[in-house]
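These notes concern the structure reproduced below.
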Amino acid sequence: MHPAIILFVVAILGSVLLSFVPVEFPYSRPTFFGLGILLGGAVAFFMGRPKAQATRTEDIATVTLYVGNLPYRANEHSVQQTFERFGKVLSVRLMKDRQTGRRRGFGFVEMLTEDAQAAINGLNDQQFQDRTLKVREAKERRDQEEE
DNA sequence: CCTGAGCGG
């Protein structure tokens, strides 16, 4: 439900509640309505928060980098640390065969678009744990990312 | 552990 609707309903509810309080209730109807607005606003605030975060996440421009020729002993943490020398790393996925559990020697690193080129320049064809890394923009296989 | 081109869940 939209936060604004909740705000409105709570406000209306607040003013209607006035009819159930004694006549000598010290607060006026507009004041009560105002309290309803405040309460509704608080509800709307907390309901709106996760939504706002999701929107911000979608607004971050990222690229997924293909990382090939990885050593089988490489773990996600070491790869992430390596790429973080060049910028913000959003996610690291090292692909391994689901049946055998064997590492496949490549993976994907999601980075901020503004940092990705530096990571490609800095890491492609560079040595990483005795292997020569291949780093380039990933071909989008499933969903489309910003470039 | 085993493997060496490769673009995923």
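In this text the structure is predicted, and so the values were computed from the model without any measurement. Below, chain A is the first sequence line, B the second, and so on; all start at residue 1.
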task = Drop me the distance from A/Arg93's CZ to A/Thr64's OG1, to the nearest 0.5 angstrom.
result = 7.0 Å
inquiry  = So A/Arg98, base contact, sugar-phosphate only, or nothing? Heavy-atom distance under 4.0 Å.
reply    = nothing
request  = Whole angstrom is fine here: how far is it from CG in A/Asp97 over to P in B/dG8?
outcome  = 13 Å
ask   = How long is the line joining CG of A/Leu65 and P of B/dC7, in whole Å?
value = 15 Å
Smallest separation among heavy atoms of A/Lys134 and A/Asp125, with atom names = NZ-OD1, 3.8 Å
ask   = Rounded to whole angstrom units, what separation is found between the CE atom of A/Met95 and the C1' atom of B/dG8?
value = 3 Å
ask   = Counting distance only, does the side-chain N/O of A/Arg103 pair as donor-acceptor with the main-chain N or O of A/Leu70 below 3.5 Å?
value = no
ask   = Just how far is it from atom CD1 of A/Ile60 to atom CG of A/Leu90, taken to the nearest 0.5 Å?
value = 6.0 Å
ask   = Can you tell me how far CZ of A/Arg131 sits from OH of A/Tyr72, rounded to the nearest 0.5 angstrom?
value = 7.0 Å
Spacing of A/Leu94 atom CG relative to B/dG4 atom P, expressed in whole Å = 19 Å
inquiry  = What is the separation between atom CG on A/Asn124 and atom P on B/dC7, rounded to the nearest whole Å?
reply    = 15 Å
remark   = To the nearest angstrom, the CZ-P distance between A/Arg103 and B/dC7 comes to 20 Å
ask   = Can you tell me how far CD of A/Glu137 sits from CG of A/Leu65, rounded to the nearest 0.5 angstrom?
value = 7.0 Å
ask   = In whole angstroms, how far is the P atom of B/dG8 from the OH atom of A/Tyr66?
value = 9 Å
ask   = Of A/Arg102 and A/Ala138, whose nearest nucleotide on DNA chain B comes first from the 5' end?
value = A/Arg102
query = Is A/Phe108 stacked on the base of B/dG8 when the test is centres under 5.5 angstrom and planes under 30 degrees?
reply = yes
message = Heavy-atom nearest nucleotide on DNA chain B for A/Gly101 versus A/Lys96: which residue maps closer to 5'?
response = A/Gly101
task = May I ask you to say what A/Gly105 touches in the nucleic acid, namely base, sugar-phosphate or nothing, with a heavy-atom cut-off under 4.0 Å?
result = base
query = Using a heavy-atom distance cut-off of less than 4.0 Å, which residues of residues 70-81 of chain A contact DNA chain B?
reply = A/Leu70, A/Pro71, A/Tyr72
key: Any side-chain donor near an acceptor of the partner, A/Gln126 and A/Thr132, under 3.5 Å   = no
message = Rounded to whole Å, please give me the gap between CZ in A/Arg131 and P in B/dG6.
response = 12 Å
